[in-house]
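Atoms within each ligand, like the ligands themselves, are counted from 1 in listed order. Quick caveat: nothing in here was measured; it's all calculated off a predicted structure.
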Amino acid sequence: MTRLLETQALEAFYGDFQALFGIDFTVDEGETVAIIGSNGAGKSTFLRALTGLRPTKGQSIEFAGQSIAGMAADRIHKLGLAMVPEGRRLFPSLTVEENLLIGASGHRAGPWTLKQVYEIFPDLVSKRRNPGTALSGGQQQMVAIGRALMSNPRLLLCDEISLGLAPKVIKDIYQAVPRIRENGTSILVVEQDVGQALAVADRIYCFMEGRVSLTGTPQSVTRAQIARAYFGMGEDA
Ligand code: ATP
């Protein structure tokens, strides 16, 4: 396996407040990795550090064979690391298709085109000329994922893509994951829904209070271990 992303002892701060403590983390080429953890565990901060939105100068973050610590967010994006932000953040005055095309502008060559995005999210085809705001929450999430894919990332970062969506809609979104992998795109999802994370990922990391509290394959970790790593509960909790 080729290593795509590796952090060693990564830390992050908001002023004097330390949000991440020594995160060792890897994603290999072709892997789907999930981060689980309760509110405030540091999951979003970790993604912001990877994408250059939190300062990481002088730290150890390797992506696709080069150090990206301290690099500007747009340069990291051009190397092939694209984020689907929490809350989707579509451009409200633009149509679905215009939102998707914005993702493609000036970025890497690769398999992702409008056609490919519409193939994995067929619900968007009839909505292509509609403004992003005229869509359901699930469809907006599909556009946000499609927009990130249009930049042909090597690694797609997804921050809480199931937040606030109905189970059926979450299923429709996650059915795209195998197709995304087939195109050679690695995936890192932050997911509060533990069942969903275990179902989709090759490996999971649980974060608690800014530290990795558990890591392994879905097959190798027990529900009791996850409960302890997630909530800090005792053996019999
Ligand atoms: P959530 O699921 O609620 O987004 P999370 O695991 O993503 O949780 P983070 O958002 O990374 O957690 O937050 C980690 C810690 O950093 C929390 O204690 C949070 O209060 C703090 N934090 C996050 N953003 C800021 C900020 N802009 N300024 C100050 N502290 C922050």
(message) Using a 3.5 Å distance criterion without hydrogens, assess whether the side chain of K127 forms a donor-acceptor pair with backbone atoms of L135.
(response)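 Checked: no pair found.
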
Quick one: which ligand 1 atoms are inside 4.0 Å of a heavy atom on [X]?
{"X": "S44", "answer": "4 (O), 5 (P), 7 (O), 10 (O), 11 (O)"}
{"X": "Q192", "answer": "2 (O)"}
{"X": "E160", "answer": "2 (O)"}
{"X": "A41", "answer": "5 (P), 6 (O), 12 (O)"}

[X] and [Y]: side-chain donor and acceptor closer than 3.5 Å?
{"X": "Q196", "Y": "S162", "answer": "no"}
{"X": "T32", "Y": "R203", "answer": "no"}
{"X": "Q225", "Y": "Y230", "answer": "no"}
{"X": "S151", "Y": "W112", "answer": "no"}
{"X": "Q139", "Y": "S136", "answer": "yes"}

(request) With sequence neighbours left out, write down each residue that passes ring pair (Phe, Tyr, Trp, His ring centres under 6.0 Å) with F25, or none if nothing qualifies. (result) F46, Y205

(request) Have a look at V190, T45, L20 and point out the one with the heavy atom closest to atom 9 (P) of ligand 1. (result) T45

(message) Heavy atoms only: which of S38, G40, A12 lies closest to atom 8 (O) of ligand 1?
(response)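 The nearest heavy atom belongs to G40.
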
(message) Does the residue G42 have a heavy-atom contact with ligand 1, meaning some pair of atoms that are separated by less than 4.0 Å?
(response)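 The answer is yes, since G42 has a heavy atom less than 4.0 Å from ligand 1.
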
(message) If the contact criterion is a heavy-atom separation under 4.0 Å, does G210 count as touching ligand 1?
(response) no

(message) If we set the cut-off at 4.0 Å for heavy atoms, which region of A19 has an atom near ligand 1: side chain, backbone, both, or neither?
(response)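 The answer is the side chain of A19.
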
(message) Please work out, at 4.0 Å between heavy atoms, whether the side chain, the backbone, both, or neither of F207 comes within that distance of ligand 1.
(response)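 No part of F207 comes within reach of ligand 1.
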
(message) Starting from atom 18 (O) of ligand 1, what is the nearest protein heavy atom, named by residue and atom, and what distance separates them?
(response)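 Of every protein heavy atom, F17 CZ, 3.4 Å lies nearest to atom 18 (O) of ligand 1.
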
(message) Within this structure, what is the CG-CD1 distance for the pair L10 and I61, rounded to the nearest 0.5 Å?
(response)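 CD1 of I61 is found 5.0 Å from CG of L10.
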
